[in-house]
Amino acid sequence: MELVVQALAAAAALLAVFFLSTLYLSPAATARRLRNAGFRGPTPSFPLGNLREIASSLASNNDTDESNTKGGDIHAAVFPYFARWRRAFGKVFVYWLGTEPFLYVADPEFLKAATAGALGKLWGKPDVFRRDRMPMFGRGLVMAEGDEWARHRHIIAPAFSATNLNDMIGVMEETTAKMLGEWGDMVAAGQSCVDVEKGVVRNAAEIIARASFGISADDDDATGARVFHKLQAMQAMLFRSTRLVGDPRHLRGVEAGAGDRRAPARHHRVAASPAAAAGGRRRTTCCSCCWEGTRRARGRERKLTTRELVDECKTFFFSDTSDSGPLPMPTRPKELSMLPRFSVPHPKATPRTAASVPSVNVSAERKLTTRELVDECKTFFFGGHETTALALSWTLLMLAAHPEWQAAVREEVVEVAGRSGPLDAAALGKLTKMGCVLSEVLRLYPPSPNVQRQALQDVVVVAGDGEKKVVIPKGTNMWIDVVAMHRDGELWGEEASEFRPERFMREGVQGGCRHRMGYVPFGFGGRICVGRNLTAMELRVVLAMVLRRFAVEVAPEYRHAPRIMLSLRPSHGIQLRLTPLC
């Protein structure tokens, strides 16, 4: 008995030393190195860092001026704590999320000095965000690092070639026509205003689901519809979470289905999907970051887990495979699905409709396991429609608030592509005014309001005139404030917060920004968004079809209150008055 007590005491002592080192000694050493390098910032408190101050700022912050859709700086509204710290410490400073140090950067020159050239390979994705968002993206391209990231990128990038993107225009037109028809029915029924964000988000999800892996909410196959609704439910739950990333009080949890990660045990519910209800079962889902939950036998209700989603995807796409083996060909006809481009034949696969799938000649190295494909499907769904839908929603709002630009873009669409009929890549490429409007919207309302990196080793930055060198310690996270840079008067001039698409007519790529790293709507460096061309094409197709069909104006019900929920999105939707033009 005495030996058992001694063993338990020794184990407890080792555990205490581990936590002391991890939660205090190591962060304290990093803090000293950052101070010695000259980085200042708000004073953290153990063990929450600056989380208490962040939470207080968010709780006391009021909505942006509801009447101001034509201008105004929203940065202080969506990031009140950063706005206050910037005034006190400048555009580069250190703050803490729990015991994780973050280097805040809103200075494009410092960003260039820290990441340009070979230095870019010294940065990866922050562990704290990887843990938090693993259920959403798994180990797909967004979360992969090093050789794994290069392999995934090498496999995925060809799917976004010009030829493949042109083949998707028809899908975009078909789903958008359905959305416009629904809006037309609402207007005909006497509905005075329409929340266009809801329709746009739904439409973008349909496009990416069909174009990427051939499923939709209206899929005749019940499994396909169920996968679609589960993906949407998983995303909705992550947005409903109000916890702060990095809070050590939320370290408690169970293993997430996406890997050996820990996540909060807090749970939420969502309404049953139509596909689930049709089967006589009500499907619910668990917390934003906890999908491998326990089943509860309360009537016919149960939790949705990541493993269930994986199994559904495997049932939907494959006939005979394993989690570790290479992908077989898809088992059902997917006329535009990107999946065949990511896969190689599996020797044991017996596709039911293999003849309907285009043959693919790829090397043995260019293959994904079943689990990797599921993670890429989730990444495509979440990342592929989210940024596009938000950009289009903000664009419709800006055109409604600026009727002169709405008229100019509509006139251009009619001149280039006519008042009706199918669109093609050649016509879309000639919409220069529309391109300027979209670039300006991505500047004012970047769907990805920040970019995060983590130093994989000590990074030596040559700052200023080249004589001063600062060392960013290994493990330090970097938070690039895209919203702040995109609205910085020193970079964009006095009208930095104003909607001025003409700035991109004068200089198409950077819009007159005084630093090439000051405009990064799709990220920067080697990890720039692989799907940016798909987003650009979809924005042009959908916007052209909307402007052909309707005139839009801001409805009195609209409240202008942008907020951050992973992305920069409207708090209360976007209510517009629609006037049919044909």
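When reading the values below, keep in mind they use all heavy atoms of this one structure, side chains included, and skip hydrogens, waters and symmetry mates. Predicted model, so just to flag it, every value in this text is computed and none were measured. Residues: numbered from 1 along the sequence shown.
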request  = Could you go through the side chain to side chain donor-acceptor pair (under 3.5 Å) check for S161 and N164 one step at a time?
outcome  = CA-CA 5 Å; S161 67; N164 292 335; 3.2 Å; yes
inquiry  = Listing request: all side-chain hydrogen bond (donor to acceptor under 3.5 Å, both in side chains) pairs with a residue in residues 516-528, at least two apart in sequence or in separate chains.
reply    = E145-R527
task = Sequence neighbours left out, what pairs pass side-chain hydrogen bond (donor to acceptor under 3.5 Å, both in side chains) with at least one residue falling in residues 115-124?
result = none
Before accepting this row, confirm whether a basic side-chain N of the pair [X]/[Y] lies closer than 4.0 Å to the acidic partner's carboxylate O.
X	Y	result
E440	R503	yes
R151	E148	yes
R202	E206	yes
D488	K91	yes

Do [X] and [Y] touch side chain to side chain, with heavy atoms closer than 4.5 Å?
X	Y	answer
L392	V546	no
H515	E109	yes
F79	I54	no
I74	Y445	yes
P446	F522	no
V520	M485	yes
C193	L576	no
V483	P449	yes

remark   = Here the gap from I208 atom CD1 to T388 atom OG1, rounded to the nearest 0.5 Å, amounts to 7.0 Å
request  = First locate atom OG1 of T175, then atom CG of N203, and finally report the distance between them rounded to the nearest 0.5 Å.
outcome  = 4.0 Å
So does [Y] get a backbone contact from the side chain of [X], meaning a donor-acceptor N/O pair under 3.5 Å?
X	Y	result
R532	P521	no
H152	E372	no
D195	I574	yes
R84	S57	no
R548	G421	yes
R559	H572	no
R563	S571	no
R540	G429	no
W394	L568	yes
Q406	L399	yes

inquiry  = Ring centroids only, cut at 6.0 angstrom: are Y104 and W85 within range, meaning strictly under it?
reply    = no
task = Step through it carefully: locate the ring centre of Y81, locate the ring centre of Y95, and say whether they are under 6.0 Å apart.
result = no
query = L438 and F504: side-chain contact (heavy atoms from CB on, under 4.5 Å), yes or no, with the steps?
reply = CA-CA 10 Å; L438 293 173; F504 286 93; over 6 Å; no
task = Please assess W492 against R500 for the test side-chain contact (heavy atoms from CB on, under 4.5 Å), listing each intermediate value before the final yes or no.
result = CA-CA 11 Å; W492 299 92; R500 295 286 185 267; over 6 Å; no
request  = Kindly assign one of parallel, tilted or perpendicular to the pair F499 and W405, based on the angle between their ring planes and the thresholds 30° and 60°.
outcome  = perpendicular
query = Any luck finding a side-chain donor-acceptor pair between T432 and E412 under 3.5 Å?
reply = yes
key: Set of residues satisfying salt bridge (charged side-chain N to carboxylate O under 4.0 Å, His left out) with respect to E197, sequence neighbours excluded   = none
message = Could you go through E173 and V541, starting from their C-alpha distance and side-chain angles, then the distance that decides it, and tell me whether this counts as side-chain contact (heavy atoms from CB on, under 4.5 Å)?
response = CA-CA 7 Å; E173 291 179 309; V541 170; 4.0 Å; yes
Stepwise side chain to side chain donor-acceptor pair (under 3.5 Å) test for D481 and H75 = CA-CA 10 Å; D481 192 339; H75 182 257; 2.6 Å; yes
message = A cation-pi test, strictly: NZ or CZ of R153 under 6.0 Å from the centre of the six-membered ring of F160 and no more than 45 degrees from its axis. Yes or no?
response = no
